[in-house]
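The structure appears below as C-alpha cells.
Protein chains get the first letters and strands the later ones, always in sequence-line order, with residue 1 at the start of each. In what follows, every heavy atom counts, from backbone to side chain, and hydrogens, waters and symmetry copies are set aside.
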2 protein chains.
Amino acid sequence: MELQTFLKSRMPLFRGLEDRQIEALASICVPADYPKGRTIFLEGSQAQGLYVVMSGQVKIFKLSLEGREQIIHIYGPGEPFGEVPVFEGGRFPANAEATADSRVLFVPRDGLRRLLENDSTLAMNMLAALSRKLRRFTVKLENLTLKETPQRVAAYLLDLSDRSGGAAEVTLDISKGHLAGLLGTAQETLSRVLKRLSEAGLIRVRGKHIDILDPDGLQAVSDGDDRL
Amino acid sequence: MELQTFLKSRMPLFRGLEDRQIEALASICVPADYPKGRTIFLEGSQAQGLYVVMSGQVKIFKLSLEGREQIIHIYGPGEPFGEVPVFEGGRFPANAEATADSRVLFVPRDGLRRLLENDSTLAMNMLAALSRKLRRFTVKLENLTLKETPQRVAAYLLDLSDRSGGAAEVTLDISKGHLAGLLGTAQETLSRVLKRLSEAGLIRVRGKHIDILDPDGLQAVSDGDDRL
DNA sequence: ATTCCAGCTTGATCCAGGTCAAGGCGCGCG
DNA sequence: CGCGCGCCTTGACCTGGATCAAGCTGGAAT
C-alpha cells in the first residue's frame, strides 16, 4: 500500500518500526489535501492529533494583534508538526497554513498514544523528534535576539547551502516575503540586506536563485563581522 | 530515603512511577552542589545525562560573540533541564549556570534511557515535559519578536501574579538584571519601563516586591494598548 | 559605624530597522 | 499581446531601544 511505503521510507519518526506497527499506524491515519493559503489549524483550537507533510509546504506562525506575522517554522515533506497538544495541553500553540498546494497526513491522538505506550522504539523516536525541535528553537531564539539582520540572512543562506551539500548555488524554497517573516524582519529590510550582500560581492541574486560567491566572507558576516 | 521522597513528591516527571522504578532511578542519580555563579555545563559540550534542580536556581542562556546574554529559561526546584542531548545530538544547545547556591541532581543518560524503554509511563511523562517546553518556547518567541518591551514586562508581571494565584503583590524571584536578560532587553530599558508603569499608576515597585495596583490596566498594556 | 560594591537608576546620544509611500517587474490569463 | 495582480525593490522618514557614562543605594563585611 502506498501509505505504508511512505511511512516507512520517508519518515524518520517511524524509522525502525516493525511491519505490523506500520500497518496499525497506516490504518488510523487520514490524508487530506489543502490548497495554497488554506488554514490547517488555528492557535488555541483543540487538537485531535498531529500532522505530517506528505507533499507541499506548511508554515507554522504566530500573529501579533496588529497583524505582524512571525513564522516559527516551515515544514516540507516527511516532517511532522502539531505534536505538542498530543502530549500536553490539548490546544495548538500556534497557527498552521499551507504555503503551497499540499497533501497532509493526519494522525489521530488516541491511536498514536496507544501505539506509543506499546512500542518503546516509536516513543524514543518521538522523544528524539521533540528534542530536535527544542534544539532548533534554541538556535532560532539565539538568531532572533542576539544577531542582527545581516547576520541572520548570511546564516540562513549558509545553512541552506550546507543542507544541499555545500552547493555554491542555492534556491530559496520559500518566497522572500516568507523568508522575511521567518527571519523576524520586514520584507523591505530583507531586500536591502540582500542588496548590500550583493554589492559586497558575497552573493549574486537572480530571483529565487542565489549564487554564493564568497562563502568565507558570508561566514564572516554571519559571525558578526561588520564588513557590510 | 531522602532522595526517593524527593523524586516521588517534588517531580512531575516521575509522577505515577512504581516504587521499584523510583528505586532504580534513585540508585543511578548523583546529587551535586554548585555555588552561585558556577557553570553547570557549556553549550556544545558532550552530555552524559540530564539534570534536575533540587534547590536553588539555574539559568539556561546563550551568549553572542560580543558578550550579550539571552536567558532562555530560569529553573527552580523540581524542574529538569538539559534533556535535549539525552535524546538527540549528544551536545548541549546552550549554557547552564547556577544563579544561586544550588543542589542539582544528575541523571545519567544510559540508565535513564534504559528505564524509559521499559516504562511507558515514564516515557509519556517525558514526552509531556518536552512538549511543555516546546509550548513555552513558542510563547517566548512570540513575546520576543512580536511584542515591545513594555508589553513583555507587563505580561511577565501578570504571569507571575497568576502563578501565585492572582496575588496583588508579586516578588521577583530573580534579579532585575536577569529579568532584563530573560525579556531580551537591556537592564537600563527595563528600569525605565518599570518607572513608566509606576508613573502610570499600574504598579508600585519596592525592590524585589511589586504591587499590582491595576491588573486590568496592566493587561491592556500587555495586549499592546499604548497608554504608556 | 564606615567602607565597599553589586545591583540599580537616570541622563544623553545614536542607529538599526520598522513603516509609509511609490514605483518596477514578471507572469498567468483573457 | 497587453492587462492586472502578486511580489519585490527603492526611497524617505521616524522611533524604540541599545549603548555609553555617571551617579545612587542598600546591605554585607570588617
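Taking atom CD of B:Glu66 as the reference point, atom C1' of D:dA18 lies 12 Å away to the nearest angstrom. Note: CZ (B:Arg206) to P (D:dG26) measures 13 Å, nearest angstrom. Atom NZ in B:Lys176 sits roughly 13 Å away from atom C1' in D:dC24 (whole-Å rounding). Nucleotide D:dA18 holds its P atom 11 Å from the CG atom of B:Leu183, rounded to whole Å. Atom NZ of B:Lys147 and atom P of D:dG17 are 14 Å apart (whole Å). Atom CD in B:Glu148 sits about 10 Å away from atom C1' in D:dG17, given to the nearest Å. For A:Ile174 and D:dC8, the CD1 to C1' distance is 15 Å, given to the nearest whole Å. A straight line from CD of B:Glu69 to P of D:dT19 spans 13 Å, rounded to a whole angstrom.
Contact between the side-chain N/O atoms of A:Lys208 and the OP1/OP2 oxygens of D:dC7 is not found at any separation under 4.0 Å. In this model, the phosphate group of D:dT9 is approached by a side-chain N or O of A:Ser191 to a distance below 4.0 Å at OP1 or OP2. Using a 4.0 Å cut-off, no side-chain N or O of B:Thr185 falls inside it from OP1 or OP2 of D:dG17.
Scanning DNA chain C 5' to 3' for nucleotides with an atom closer than 4.0 angstrom to a non-hydrogen atom of chain B gives a first and last hit of C:dC8 to C:dA12.
In this structure, the side chain of A:Arg152 engages the main chain of A:Leu183 through a donor-acceptor pair within 3.5 Å. Side-chain atoms of B:Asp211 do not come within 3.5 Å of backbone N or O of B:Ile203 as any donor-acceptor pair. Side-chain atoms of A:Ser164 come within 3.5 Å of backbone atoms of A:Leu160 as a donor-acceptor pair (strictly under, hydrogens ignored).
Centroid-to-centroid, the aromatic rings of B:Phe41 and B:Tyr51 come within less than 6.0 Å.
Between the CG atom in B:Asn143 and the CD atom in B:Glu148 there is a gap of 12.5 Å [rounded to 0.5 Å].
Both cation-pi conditions hold for A:Lys59 and A:Phe61: the charged atom is under 6.0 angstrom from the six-membered ring centre and inside a 45 degree cone around its axis.
A:Gln48 and A:Arg109 form no side-chain donor-acceptor contact under 3.5 Å, judged by distance and modelled atom types alone.
When heavy atoms are screened at a 4.0 angstrom cut-off, B:Glu188 is found touching base atoms of the nucleic acid.
Among the nucleotides D:dG17, D:dT10, D:dC7, the one closest to the side chain of B:Thr149 is D:dG17.
Side chain A:Arg196 to base D:dT10: no donor-acceptor pair is found below 3.5 Å.
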